[in-house]
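To start, the structure under review is shown below, and the notes come after it.
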Amino acid sequence: MGDRLVIKGGNRIEGKLEVSGAKNACLPLMAASILSQDPVELDRVPDISDVRIMIKILEEMGVIVDYDHKGHMYLDARNLSTTRAPEEYVVRMNASFDVMGPLLSRHGHGEVSLPGGCKLGPRPVDMHIDAFKAMGAEVVKEGGFVKAKCPRLKGCRILFPKVSVGATKNSMMAATLAEGVTTLENCAREPEITDLAQFLVSMGAKIEGIGTQTLHIEGVSSLHGTKYSVISDRIEAGTFMLAGAITEGDVFIDNISIEMLENFVMEMRKAGQEVIEENGGLRVKGHRPINPLDITTAPYPGFPTDLHPPMAALLALGNGTSIMNETIFNGRYMYVMELGRLGADILVNNQTARIIGVKGFVGAPVDAPDIRAGGALLLAGLAAEGETTIRGVRYIDRGYQHIEERLRSLGADIVRVKEPLTPLP
Ligand code: EPZ
């Protein structure tokens, strides 16, 4: 079973919340420590289970990791014991594959199992592999592992056939120590990519075009240590902003810039929710009616796929029918059935959901099938009449640190019922 969250709905979410450092920024930064010939230090690393998985992966390869579980992390990757990542941890998280580029570029070899993680549909790494091959690596896939080797990668021009956060991260990291210049075209431009690029530059990497879809990386002979603070988690911020909206509350998210969430904020305002930029953060006042929307997810700066399920929870209480087109992950709709148990009326046809607004949710037991579906269920539980029990909290813990304490600090009636994971019969 694992831990459960029990929410008694109906309380307004109000008050100030400090957003965490970004999960999807700190994971590649941790992986990139492998590139450095000196120790690196990170601040604002969130205390979430994905960080703990990445720590395990790095430690099993010989990286010294010291994390105070309050944000500060010290990583020393000077003496790796192996360039083979431990499969038992890699299969639990898609971002584990971020270690491949650094291993290959710094050590000329890497063996990483095909990654697992959220069941959002197939999570291929073909574009990562094609980029490594283009830079001169010999790459084979066998026994569920990707094995890559190359004495020294060579810079070249790479055009990604589709925008990929993962492939952009791995190729950029690999190119930092390659011989010559690498030009990456059709790159992802997510703030987490920009954060990784700036981290690499702080280690001595030479990267031009940061924040654009074309990156020029001039390889250097080595990268030195650095101290770096992780950017804020825009997906966590958006989820908490929706908590204020769905409960007709008034919440202030500190330390988040509107630039990281421009499209999401525009849609929130179109939905009739008040979003105010103030004191370096964003304030949300929730209102009824919730206007129906027609949203299509897209790579940054488009509407983020990770806020699709949480936004769907709000729109499920809309004053009309909303449309949500998912263009990134086939398996993004795992939340629909679970929201339906709370009373939502959502019909999915191929990659499009019709969200027919209902008057309200009624609490029920539900299961979180992935991180962001878990976020959607949390929001629906906060607005539901009666009690909602969310099982599968391990998914929520992957992406939202100390979730129940932080929601309780904003007025939610939420408790965690601890229960050991019972092995399947
Ligand atoms: C990152 O996943 C994030 N994860 C995801 O967040 C996020 O939803 C996604 O980017 C899109 O923004 C992390 O940063 C750890 P992609 P990633 O490579 O890198 C296909 C969360 O909840 N593709 O941009 O895996 C792929 O199947 C997670 O925090 C290939 O076909 O995303 C998908 O359809 C969920 N071949 C699309 O591209 C490849 O080689 C975008 O994937 C790589 C990707």
Side-chain angles (χ1 to χ4, degrees), residues 20-32 46 48-51 53-54 57 90 92-101 112 114-134 139 141 146 158-174 184 186-196 213 230-231 233-239 260-261 263-264 297-310 326-332 334-335 351 368-376 395-401:
S20 310
K23 165 176 91 77
N24 293 349
C26 75
L27 293 172
L29 297 193
M30 290 170 69
I48 52 178
S49 51
D50 273 12
V51 163
I53 292 173
M54 185 59 92
I57 291 170
V90 169
R92 292 170 54 184
M93 178 177 71
N94 186 265
S96 312
F97 202 68
D98 289 357
V99 302
M100 181 57 101
V112 186
L114 286 166
C118 279
K119 305 282 178 280
L120 293 174
R123 302 297 287 272
V125 289
D126 52 304
M127 289 193 281
H128 303 234
I129 290 171
D130 292 346
F132 297 145
K133 286 181 174 172
V139 188
K141 273 202 284 192
V146 176
I158 294 165
L159 169 64
F160 296 114
K162 66 192 277 193
V163 173
S164 160
V165 168
T168 303
K169 290 188 290 185
N170 247 327
S171 306
M172 178 166 59
M173 290 189 282
L184 302 177
N186 196 25
C187 293
R189 296 165 47 202
E190 273 67 4
E192 295 76 25
I193 298 280
T194 296
D195 208 34
L196 175 59
Q213 57 190 24
V230 178
I231 53 167
D233 192 318
R234 62 196 168 99
I235 307 301
E236 182 190 78
T239 308
M260 294 173 87
L261 282 169
N263 190 300
F264 169 74
T297 63
Y300 188 87
F303 189 92
T305 176
D306 290 345
L307 284 172
H308 163 174
E326 172 61 41
T327 66
I328 311 286
F329 290 117
N330 300 334
R332 182 54 86 188
M334 305 275 279
Y335 69 89
Q351 287 308 98
D370 62 58
I371 304 175
R372 307 307 172 185
Y395 282 109
I396 295 175
D397 290 337
R398 284 190 50 197
Y400 300 98
Q401 73 170 333

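Both ligands and their constituent atoms are indexed starting at 1 by order of listing. In what follows, every heavy atom counts, from backbone to side chain, and hydrogens, waters and symmetry copies are set aside. Residue numbers start at 1 and run along the sequence shown.
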Consider only side-chain N and O atoms of T305 and E326, and report whether a donor and an acceptor are under 3.5 Å apart.
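Present: a donor and an acceptor within the cut-off.
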Is there a side-chain contact between R234 and E190 in this structure, where contact means two heavy atoms from C-beta onward sitting under 4.5 Å apart?
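They are in side-chain contact.
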From [atom], work out which of [options] has a heavy atom at the shortest distance.
atom                    : options                : result
atom 2 (O) of ligand 1  : E326, H128, M54, R123  : R123
atom 23 (N) of ligand 1 : H308, K23, M127        : M127
atom 13 (C) of ligand 1 : T305, L196, N24        : N24
atom 43 (C) of ligand 1 : G302, P161, P124       : P124
atom 21 (C) of ligand 1 : V125, D233, D306, L307 : D306
atom 19 (O) of ligand 1 : G166, P299, P309       : G166

Kindly say whether [Y] contributes a backbone atom to a donor-acceptor pair with the side chain of [X] at under 3.5 angstrom?
X    : Y    : answer
N186 : F160 : yes
T168 : A188 : yes
Q351 : T327 : no

Any N or O on V165 sitting closer than 3.5 Å to an N or O of ligand 1?
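The answer is yes, given that V165 and ligand 1 share an N or O pair closer than 3.5 Å.
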Geometric N/O contact I328 with ligand 1, under 3.5 angstrom:
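Yes, at least one N or O pair falls under 3.5 Å.
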Under a 4.0 Å heavy-atom limit, does Y300 contact ligand 1 with its side chain, its backbone, both, or neither?
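Neither; nothing of Y300 gets under 4.0 Å from ligand 1.
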Could you see which bit of N94 sits under 4.0 Å from ligand 1, with heavy atoms only: side chain, backbone, both or neither?
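Contact part for N94 vs ligand 1: side chain (C-beta onward).
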Please verify whether a non-hydrogen atom of [X] lies at under 4.0 Å from ligand 1.
X    : value
K169 : yes
R332 : yes
A188 : no

Go through ligand 1 atom by atom and flag the ones less than 4.0 Å from a non-hydrogen atom of [X].
X    : result
A95  : 15 (C)
L120 : 35 (C)
R372 : 21 (C), 22 (O), 29 (O)
K162 : 20 (C), 34 (O), 38 (O)

Spatial distance of atom CG (N170) from atom OG (S164) [nearest 0.5 Å]
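Answer rounded to 0.5 Å: 9.0 Å.
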Atom CD1 of I328 and atom CG of L120: how far apart are they, to the nearest 0.5 Å?
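Here the interatomic distance stands at 11.0 Å.
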Geometric class of the H128/F97 ring pair [parallel <30°, tilted 30-60°, perpendicular >60°]
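Taking H128 first and then F97, their aromatic rings stand perpendicular (interplane angle over 60°).
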Search all heavy atoms of R372 against all heavy atoms of K23 and return the closest pair with its distance.
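For R372 and K23, the tightest heavy-atom pair comes out as NH2-CE, 3.5 Å.
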Tell me, please, which residues at least two apart from D98 pass salt bridge (Lys or Arg N to Asp or Glu O under 4.0 Å).
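Salt bridge (Lys or Arg N to Asp or Glu O under 4.0 Å) check on D98 returns K169.
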Name all residues meeting the side-chain contact (heavy atoms from CB on, under 4.5 Å) criterion together with S96; count only those two or more places apart in sequence or in a different chain, and write none if there are none.
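Here the qualifying residues are I57, V90, M93.
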